[in-house]
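Worksheet for the structure shown next.
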Amino acid sequence: MLDINTIEKLDKIATPFYYYDMDLFRRTVDTASELAQQHNIMVHYAVKANVERRLLEYISSKGFGADCVSGNEVLHAHECGFPAGKIVYAGVGKSDKEIYNALKLGIEAFNCESLQEIYVINEMAHVHGLKANVSVRINPDIDAHTHKYVTTGLYENKFGISQHEFDKLIDILKKSEHINFIGLHFHIGSQITRVDEVFALECRRVNEIVAYFERNGLTVSNINLGGGLGVDYDDPDENPIADFGTWFRTISENIVRRDDQKVHVEPGRSLVAQCGTLMSRVLFVKSGETKNFLIMDAGMNDLIRPALYGAYHKIENLSASQRTFYPTHQAYDIVGPVCESSDVWGAGRLLPLSVRGDLMAIRSTGAYGQVMASRYNMKDLAPSVFSDSLEDAAEAVDYFTLSSRA
Ligand SMILES: Cc1ncc(COP(=O)(O)O)c(C=O)c1O
């Protein structure tokens, strides 16, 4: 994946850090952009996946909108070049302050997730003499066949409004004078890999729900299908760019739309996961009675996905890939430094013989990685390093000399 030249440069930087392959990132965004245009689909980037300013500035420059889930995300997206008129704001718990700021900014839409939220937004818009654009997040009761912590479309989820409240919802929307109802919003889950099957199912269910709302006197101008396109965590080099083609084609073939209806999607993971790599170093090699441990300097505070969801990330030993004198492979339990038993990168991973100081790549970590980092155990936050400005980042690892690696 990385050439020797790049590995040599990376090896000079103090670990842990997030490395972003800007060429792959731009190719991914450009691919999504071209395919979306072909299918007349509007893309709103789900900012929660990665809030790195350089990434957001490029995404906004391509004309994408932003899907945000907090007041600070709304403000940050706006600062990174997304016009207010292209920012949508979802989330089950918006505070009054967050609503007020977004109202003032004049965002494209609040994606409301409960009846009470609609009352509150209507009231606040009234008090401030404004009109709020509102889409309503519907819970379509669909199984996305993904991890239980990232499936969001099943009945009685905390997200969205379910079918038993539809009539009450329609009534409220009609009576709320200070909101402008613009459409319906859906999102059924994340890391969806059965793309054609699951998204076709979503579209068919969405068609029924849109028709129900229109039969009952509301015009649904925006149909927002959410995000969820999965990436290949097992083999990021084989599939560096997610299958936007199948996703958009499936939507085009299955969604029923009039010319005056816009179709939106909100990809997060699929735009940024594969361009990111968490770079770490082997601190110690520990031989147990039955196992060998590699203790790394990156931990669950840098990337919590394995501890939180049992997520798999491919791990490579970049230093060993340059050696010719360590031919053997060995099974390792790869762990982090944090004082929690769940701080494990992978158990029984087969790697070339690894030694103290080896540079390790934890792949596909551009999405839901750095954004969830914490300072647990008072660890420093891992900074961002970009492939197109590697020299700027070369903070020499002089405290980690080759002799100390032995
Ligand atoms: C409402 C909404 N839209 C979009 C996304 C982005 O999903 P993904 O990163 O799987 O594309 C999420 C993720 O949680 C979400 O909740």
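Both ligands and their constituent atoms are indexed starting at 1 by order of listing.
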I need the minimum non-hydrogen distance between Gln191 and Gly230, along with the two atoms involved.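 So the minimum-distance heavy-atom pair works out to OE1-CA, 3.1 Å.
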For ligand 1, which atoms, with element, lie under 4.0 Å from some heavy atom of [X]?
X: Glu266; answer: 1 (C), 2 (C), 3 (N), 4 (C), 5 (C), 6 (C), 11 (O)
X: Asp67; answer: 2 (C), 3 (N), 4 (C)
X: Gly227; answer: 4 (C), 11 (O)
X: Tyr368; answer: 6 (C), 7 (O), 8 (P), 9 (O), 13 (C)
X: Arg137; answer: 1 (C)

Between Asp388 and Arg26, does any side-chain N to carboxylate O distance fall below 4.0 Å?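 Counted as a salt bridge, because a side-chain N and a carboxylate O are separated by less than 4.0 Å.
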Member of Val74, Asn111, Leu105, Leu103 meeting the side-chain contact (heavy atoms from CB on, under 4.5 Å) criterion with Tyr89: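 Result for side-chain contact (heavy atoms from CB on, under 4.5 Å) with Tyr89: Val74.
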Can you confirm, on distance only, whether ligand 1 has an N/O atom lying under 3.5 Å from any N/O atom belonging to Gly268?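 Such a contact does occur with ligand 1.
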Below 3.5 Å, N or O to N or O, backbone or side chain included: is there any such pair between His185 and ligand 1?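 Checking ligand 1 against His185, no N or O pair falls under 3.5 Å apart.
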Any side-chain heavy atom of [X] within less than 4.5 Å of one from [Y]?
X: Pro267; Y: Trp247; value: yes
X: Phe199; Y: Asp196; value: no
X: Ile121; Y: Glu117; value: yes

Residue part near ligand 1, for Asn111, under 4.0 Å between non-hydrogen atoms: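 Neither part.
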Within-shell test, Gly228 vs ligand 1, heavy atom, strictly < 4.0 Å: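 So Gly228 counts as touching ligand 1.
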Heavy atom of Pro267, distance to ligand 1 below 4.0 Å: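 It does, in that a heavy atom of Pro267 comes within the 4.0 Å cut-off of ligand 1.
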Quick one: does any side-chain atom of His44 pair with a main-chain N or O of Glu266 as donor and acceptor, under 3.5 Å?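 Between the backbone of Glu266 and the side chain of His44 there is no qualifying donor-acceptor contact (under 3.5 Å).
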Donor-acceptor contact below 3.5 Å, side chain Asp3 vs main chain Asn5: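 Side chain of Asp3 to backbone of Asn5: a pair is present.
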Heavy-atom nearest option to atom 10 (O) of ligand 1, drawn from Ser190, Ala46, Gly189, Gly226: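 Checking each option, the heavy atom nearest atom 10 (O) of ligand 1 is found in Ser190.
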Quick one: which of His44, His187, Arg269 has a heavy atom closest to atom 2 (C) of ligand 1?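 That would be His187.
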